[in-house]
Visitor: 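Input: one structure, supplied below.
Proteins come first, then strands; the chains are lettered A, B, ... in the order of their sequence lines, and each starts at number 1.
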Protein chains: 4
Amino acid sequence: MGTGTSTGKQQRRGNTRQRIQDVALELFAEQGYEKTSLREISERLEVTKAALYYHFKTKEDILVSLFENLTTPIDELIAWAKEQPRSLETKQEVLRRYNVIFTKATPLFRFMHENQATIRDLSIGESFKQRVIGMVNVLRDPDSPLTAQVRCFSALTTIHGGAIALRDAEGDLEEKQGATLEVAMELVTRAHEES
Amino acid sequence: MGTGTSTGKQQRRGNTRQRIQDVALELFAEQGYEKTSLREISERLEVTKAALYYHFKTKEDILVSLFENLTTPIDELIAWAKEQPRSLETKQEVLRRYNVIFTKATPLFRFMHENQATIRDLSIGESFKQRVIGMVNVLRDPDSPLTAQVRCFSALTTIHGGAIALRDAEGDLEEKQGATLEVAMELVTRAHEES
Amino acid sequence: MGTGTSTGKQQRRGNTRQRIQDVALELFAEQGYEKTSLREISERLEVTKAALYYHFKTKEDILVSLFENLTTPIDELIAWAKEQPRSLETKQEVLRRYNVIFTKATPLFRFMHENQATIRDLSIGESFKQRVIGMVNVLRDPDSPLTAQVRCFSALTTIHGGAIALRDAEGDLEEKQGATLEVAMELVTRAHEES
Amino acid sequence: MGTGTSTGKQQRRGNTRQRIQDVALELFAEQGYEKTSLREISERLEVTKAALYYHFKTKEDILVSLFENLTTPIDELIAWAKEQPRSLETKQEVLRRYNVIFTKATPLFRFMHENQATIRDLSIGESFKQRVIGMVNVLRDPDSPLTAQVRCFSALTTIHGGAIALRDAEGDLEEKQGATLEVAMELVTRAHEES
DNA sequence: AATGAATGAGCCTTCATTCAT
DNA sequence: AATGAATGAAGGCTCATTCAT
């Protein structure tokens, strides 16, 4: 009783760092970064505030560590894309994978979206912005017109929006995902044809 | 002596409430709601913090008063649209006007966008969400497919995005505005044809 | 009962700033700057810590304000000296006044002496150093030899030392003061004759 | 391989205690005792904080251990002096040796001087005071007049002062040392003649 | 219409220290 | 001989808010 493989409370030891990240994301997402205090996090974990500081240098550091789940896959995707031929198929595959990344990291991304003012001057702002620019550069062709560029950007934000807004909207989730991806695909296809 | 229409510094007197709103918006937009302190606002105005409390009951109260500049015009636009025939031309005009509203209220909207986590539990969240739903309902046709709905929503967010993201992007502002509107228009046109 | 002109506890209001300074000096002198916490100061005053921050921007600021009792008179003395003829009489009078300043600010100066490691990187270090240089420049003549300059400097440090070390030494205070001043005078006189 | 007498970096092993002392003195002297944290020390040594606790019981303990470089030689000097005839030659030799001790321990003594407020309630204060008294007792004769006692004390503080102040002063170091010792000698000689 | 003075709660962070391993 | 993980206490500071004047 109380043991077993459940994710119960007793499984302390060795995984505190992970647990901090989990709880932090949960609370950051729920209440925002500023409004979540380290006291709150530590209380939820039944540790002292000081313990957090053993694992992370600052509050911001906790946040940054969270974002590695998002930035690392994007970096990998961009790297992968650069090695592929710049065909329409590649672009579509990039979009598909991009969508998967965001689908998986929805809570984190939603948090980011809802806390931009905070994120902006927290180093993650710039960090993420760079990734989006990187993505646009991978999707658009070198000398394509401005509208093509806007379309690529719009395709990306459509996926972003899908990851966030569609949660609330009514209807079947998979279906909505499909719709989102479809719209994004169209935009990139159009952009591709323009160049 | 001391009067005149100039926007000079000396024209204190009677308009403090307005000045508080101006400065508050400026700072909220620049740094976020939580990170802007009443001290900061009052210092910028060269008044004491206590003075703010003469004009507004709480910090949140200042924010609420600001949003009346955005919700009122949208309400009026929705009302106007409902009286027009549900034609493509109407929809396009709605989009154009919607774009104008956001172009004018950019700082406020940008602020809202960047502070959702905060806004959310500040009563303004729901308030704005209702307006967007109202807008979608005005753009889409009653029995249109899901993709059409997504397109209308996407058109709206494209404008939102344009008001926000395009500021930073390179290129001529008017041109970028045009591109934004064009993309939005296309989406709504497509949605219109789908129904 | 309880009123009157006594320096009792009830005389709050309007003099809090002063009271903070008094208590702060007392505690800083007694325990050192670092080891004195704002909590301690505020508790002694029966005010909240936040109240301290109404009157002073930072902890260091309290310290700096304390030092104005030392730096302001020195600045005034330097200014005064610059308007006088550069005669021996003037120099002697300057020394006399300098001595008075330090005699009055003994606790503060002693604090400074006992907390050099702290003071050093607290902006007061440099600030005080500048005053001493200013004093030397007032005492020495433009083209006097190096030894004259050293003598002037030595005269100053003699006074400094007198303010600190003589307290502990045995003997009549006035008498010791006199001896200190006498030595300082001799040094400046010698310097004067050299130029 | 890996041994040798070089003071290279690789020679960890067995001398950690010594290395802690070295780094601690360096940092204490540079920043003051309070402002130097054990984290800082351990980081500089590339060890964990806990490692410090293997070698020393407390932070203060590190400091105390440092002072043994000063107190032990003084104790030995006092012990030696007590076995010698109480002649002028002995006293002069004592002074010479005392000066050597301080010349060698300058950084430590300077630290002590700059952190008096801290030292004072750290047990070292009293500890050092006792040694100075011991020294005076060794220098002065049993029934000598008060002035003789003052002279002996003054001789000691002259050496102290020389160790600190002379560093910064201009001029040849050896020469200044000589001057210091000369003055101290004079004082003790005078005292000796008085008794 | 606004100020001066103050509060209470809370924040992020740092520190010396401990202890099982 | 040293580490990894954590603690309890405290520190400086900021904030929204209040209220008598």
Visitor: Rounded to whole Å, how long is the line connecting atom NZ of B:Lys49 with atom C1' of E:dA6?
Guide: 10 Å
Visitor: Shortest non-hydrogen contact from A:Leu108 to A:Asn69?
Guide: CD2-CB, 4.5 Å
Visitor: Kindly say whether D:His113 contributes a backbone atom to a donor-acceptor pair with the side chain of D:Gln116 at under 3.5 angstrom?
Guide: yes
Visitor: Strictly distance-based, threshold 3.5 Å: is any side-chain N or O of C:Thr72 a donor or acceptor partner for the main-chain N or O of C:Glu68?
Guide: yes
Visitor: Once you round it to whole Å, what is the distance between P of E:dG10 and NZ of A:Lys35?
Guide: 15 Å
Visitor: Taking CD1 from B:Ile41 and C1' from F:dC15, how many angstroms apart are they, rounded to a whole number?
Guide: 12 Å
Visitor: Main chain of D:Thr36, side chain of D:Lys59: is a donor-acceptor contact present, judged purely on distance under 3.5 Å?
Guide: yes
Visitor: Short of 4.0 Å, heavy atom to strand atom, which residues of residues 50-61 of chain B count as contacting DNA chain F?
Guide: B:Ala50, B:Tyr53, B:Thr58, B:Lys59
Visitor: Which part of the nucleic acid, if any, lies within reach of B:Thr48 when heavy atoms closer than 4.0 Å are counted: base, sugar-phosphate only, or nothing?
Guide: base
Visitor: Of all the choices, F:dG12, E:dA2, F:dA2, which nucleotide is nearest to the side chain of B:Val47 once you look at every atom?
Guide: E:dA2
Visitor: Verify the contact: side-chain N or O of B:Thr16 to OP1 or OP2 of E:dA2, cut-off strictly under 4.0 Å; return yes or no.
Guide: yes
Visitor: With heavy atoms under 4.0 Å as the rule, sort B:Ser42 into base, sugar-phosphate or nothing.
Guide: nothing
Visitor: Using Watson-Crick pairs (N1 to N3, plus N6-O4 or O6-N4) and G-U wobble pairs, both distances under 3.5 Å, which stems of at least 3 pairs involve DNA chain E?
Guide: E:2-21 with F:2-21
Visitor: Cation over ring, C:Lys35 on C:Phe28, under 6.0 Å and within 45°?
Guide: no
Visitor: Between E:dA6 atom C1' and C:Arg19 atom CZ, what is the distance in whole Å?
Guide: 13 Å
Visitor: Are any of the side-chain nitrogens in A:Glu26 or A:Arg44 under 4.0 Å away from the carboxylate oxygens of its partner?
Guide: yes
Visitor: Rounded to the nearest Å, what distance is computed from the CG atom of residue A:Leu38 to the P atom of nucleotide F:dA9?
Guide: 19 Å
Visitor: Using heavy atoms to find the nearest nucleotide of DNA chain E for A:Thr36 and D:Arg39 separately, return the residue whose nucleotide is more 5′.
Guide: A:Thr36
Visitor: For E:dC15, take OP1 and OP2 only and decide whether either is under 4.0 Å from a side-chain N or O of D:Ser37.
Guide: yes
Visitor: I'd like to know if C:Arg39 and C:Glu43 make a salt bridge, using a cut-off of under 4.0 Å between side-chain N and carboxylate O.
Guide: yes
Visitor: Would you kindly give the CZ-to-P distance between C:Phe28 and F:dG11, to the nearest whole Å?
Guide: 12 Å
Visitor: Under the side chain to side chain contact (heavy atoms under 4.5 Å, CB included) rule, what do D:Leu70 and D:Phe128 come out as? Steps first, then yes or no, please.
Guide: CA-CA 9 Å; D:Leu70 195 55; D:Phe128 184 74; 4.0 Å; yes
Visitor: So, B:Glu126 and B:Arg120, do they make that salt bridge, N to O below 4.0 Å?
Guide: no
Visitor: To the nearest Å, give me how far apart CD (A:Glu34) and P (F:dC15) are.
Guide: 11 Å
Visitor: Taking CD from A:Glu43 and P from E:dC11, how many angstroms apart are they, rounded to a whole number?
Guide: 9 Å
